[in-house]
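Note sheet for the following structure.
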Amino acid sequence: MLVLGIETSCDETACAVVRDGREILSNRIASQVQSHASYGGVVPELASRLHIENCIPIIEEALHIAGADLSDIDLVAVTAGPGLIGSLLVGTELAKALSYIMKKSLVPVHHIAGHLYTPFLTGGGETVSFEYPYLGLVVSGGHSSLIYVKSPLCYEVIGRTLDDAAGEAFDKVAKLLGLGYPGGPVIDRLAQKGDPGFVHFPRPGVKGDDCHLSFSGLKTAVVRFVEQYRREGGSLREEDIMHIAASFQAALIDTLLIMTERALLLTGAKRLAIVGGVACNSLLRLEAQKRFHPVPIVIPPPILCTDNAAMIAGLAPALYHANRIAPLTLNADANWELT
Ligand code: KG4
Ligand code: ZN
């Protein structure tokens with residue numbers, strides 16, 4: 001089964017062709033990061049307009065690289081939520097039009113379920129040993145959640161985002177330190193040269209006994225530290241920024257790992273997947289492997305951690321076989337809950 005996947009939930013226009021829910025034949029992404037960078041974050045209306053410009057060229061590229069034609073496609077899959085409503089609508093309307101003219105079924109895919117599916121994707125050739133059920137740590141710009149994944153159709157939310165998501169905290173702290181947008185990659189790079197013990201920032205929620213994730217207090221702690229530092233010593237030097245970045249990153253990653261450990265115990269899960277844009281983080285990748293050994297962990301390659309359409313096309317056959325297909329009246333749902 002050859003699936004064409006479309007993802008436009010935020011600021012990446014993405015299209016992919018995936019065979020049988022496993023083998024990625026193409027995975028194209030038109031990133032809008034440069035266009036939003038000068039605003040310090042994603043501007044929703046600009047994102048929708050750029051999706052409109054980019055979506056047809058990116059479909060053509062994805063088909064060309066896959067060596068496929070629209071007539072070879074068996075199923076159309078699209079992210080129908082959650083995300084920015086204007087962005088989602090561009091993708092869902094395009095997918096509906098394609099499904100209509102191609103006379104192929106349309107499968108709406110939940111964006112987070114897509115991220116959680118990435119451990120099963122391959123570039124072809126390799127076999128996947130990962131299995132259900134597993135615990136998923138989803139860490140992106142909009143979400144930080146711990147989800148027990150029982151099957152492609154059944155999810156139990158163990159811990160959810162209470163305020164700022166992990167990626168949002170990276171982005172806001174980077175903005176505060178004058179490092180630009182998106183903040184995650186630049187903090188990751190600078191932190192490698194900084195001292196993580198320079199400031200001991202709080203690990204929010206670790207004293208409680210639930211698995212919910214809250215990072216706005218950590219962000220505020222960094223704001224307060226920087227304000228006081230400026231009051232006492234003037235402007236931040238380059239090495240101060242590196243030390244603050246390293247200390248913030250250490251606190252955030254430590255919190256994620258403590259909460260994940262708690263969720264592993266609570267669910268009895270035997271496998272772990274770490275997905276979403278923040279899963280690109282080098283400290284998280286290293287520490288997770290160390291801390292949870294010998295629990296089998298999959299942290300997908302960075303290109304599958306950030307938003308992509310291969311995860312949408314990959315999950316679609318399982319949904320199709322469970323009859324989760326949509327009529328051509330499908331509407332996007334910006335707040336779609338994962339169940
Ligand atoms: O999954 P994603 O591409 O989009 C959303 O669905 O939100 O995640 C984007 C987020 C941004 O907040 C970005 O700063 C963060 O992922 N990110 C990172 C790294 N690379 C991207 N955070 C920490 N370390 C990184 N290396
Ligand atoms: Zn995402």
Side-chain angles (χ1 to χ4, degrees), residues 5-14 16 27 29-34 36-37 40-42 44 47 51 78-84 87-88 91 109-118 136-145 147 161 164-177 179-192 194 196 213 215-216 218-219 245-246 248-257 273-288 299-312 314-315 334 336 338:
I6 297 169
E7 151 66 43
T8 63
S9 67
C10 189
D11 62 341
E12 321 277 12
T13 317
N27 185 23
I29 300 165
S31 174
Q32 304 179 0
V33 161
Q34 290 312 321
H36 297 284
V42 178
H51 287 311
V78 65
T79 306
L84 300 172
S87 290
L88 289 166
V109 179
H110 190 286
H111 181 78
I112 300 302
H115 274 299
L116 285 164
Y117 187 78
T118 47
L137 169 65
V138 186
V139 270
S140 70
H143 302 268
S144 24
S145 327
I147 296 174
T161 322
D164 288 359
E168 195 177 350
F170 268 102
D171 295 338
K172 287 180 175 171
V173 167
K175 196 170 179 180
L176 170 78
L177 297 176
L179 301 174
Y181 172 85
V186 59
I187 289 189
D188 189 350
R189 190 163 37 79
L190 290 179
Q192 287 171 22
L213 295 156
F215 291 114
S216 99
L218 171 58
K219 174 203 66 191
F248 157 74
Q249 178 178 271
L252 190 143
I253 301 300
D254 195 28
T255 308
L256 287 178
L257 296 174
I274 305 183
V275 301
V278 180
C280 296
N281 185 269
S282 45
L283 181 68
L284 176 58
R285 297 176 86 91
L286 192 76
E287 284 297 315
I299 311 176
I303 187 73
L304 293 177
C305 289
T306 46
D307 286 348
N308 66 85
M311 64 188 195
I312 304 304
L315 178 56
W336 188 3
L338 185 62

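Side-chain atoms are counted along with the backbone in the values below, which use heavy atoms only and exclude waters and symmetry mates. Both ligands and their constituent atoms are indexed starting at 1 by order of listing.
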Step by step, work out the side-chain hydrogen bond (donor to acceptor under 3.5 Å, both in side chains) result for Glu12 and Asn308.
CA-CA 8 Å; Glu12 321 277 12; Asn308 66 85; over 6 Å; no

Test side-chain hydrogen bond (donor to acceptor under 3.5 Å, both in side chains) on Thr8 and His51 and set out the steps.
CA-CA 7 Å; Thr8 63; His51 287 311; 4.9 Å; no

What verdict does the ring pair (Phe, Tyr, Trp, His ring centres under 6.0 Å) test give for Phe248 and Phe170, after you've listed the backbone C-alpha separation in whole Å, the side-chain angles of each residue and the deciding distance to 0.1 Å?
CA-CA 9 Å; Phe248 157 74; Phe170 268 102; 5.2 Å; yes

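Remark: Asp11 engages Gln32, Val33, His36, Val42, Tyr181 in a side-chain contact (heavy atoms from CB on, under 4.5 Å) (not counting sequence neighbours). Every side-chain hydrogen bond (donor to acceptor under 3.5 Å, both in side chains) that Lys172 has, sequence neighbours left out, goes to Asp164, Glu168.
Within 4.0 Å of ligand 1, heavy atoms belong to protein residues His111, His115, Ser140, Gly141, Gly142, Gly167, Phe170, Asp171, Pro182, Gly183, Gly184, Pro185, Asp188, Gly276, Gly277, Val278, Cys280, Asn281, Cys305, Thr306, Asp307.
Although no hydrogens or angles enter the test, the distance criterion places no donor-acceptor pair under 3.5 Å between the side chain of Ser87 and the main chain of Ala47. Listed for the His110 side chain is a donor-acceptor partner under 3.5 Å among the backbone atoms of Ile112.
In this structure, a donor-acceptor pair under 3.5 Å is present between the side chains of His111 and Ser9.
Separation of atoms OG1 (Thr13) and CD1 (Ile6) is listed at 11.0 Å; rounding is to 0.5 Å.
For the Zn ion (ligand 2), protein N/O/S neighbours under 2.8 Å (waters excluded) are His111 NE2, His115 NE2, Asp307 OD1.
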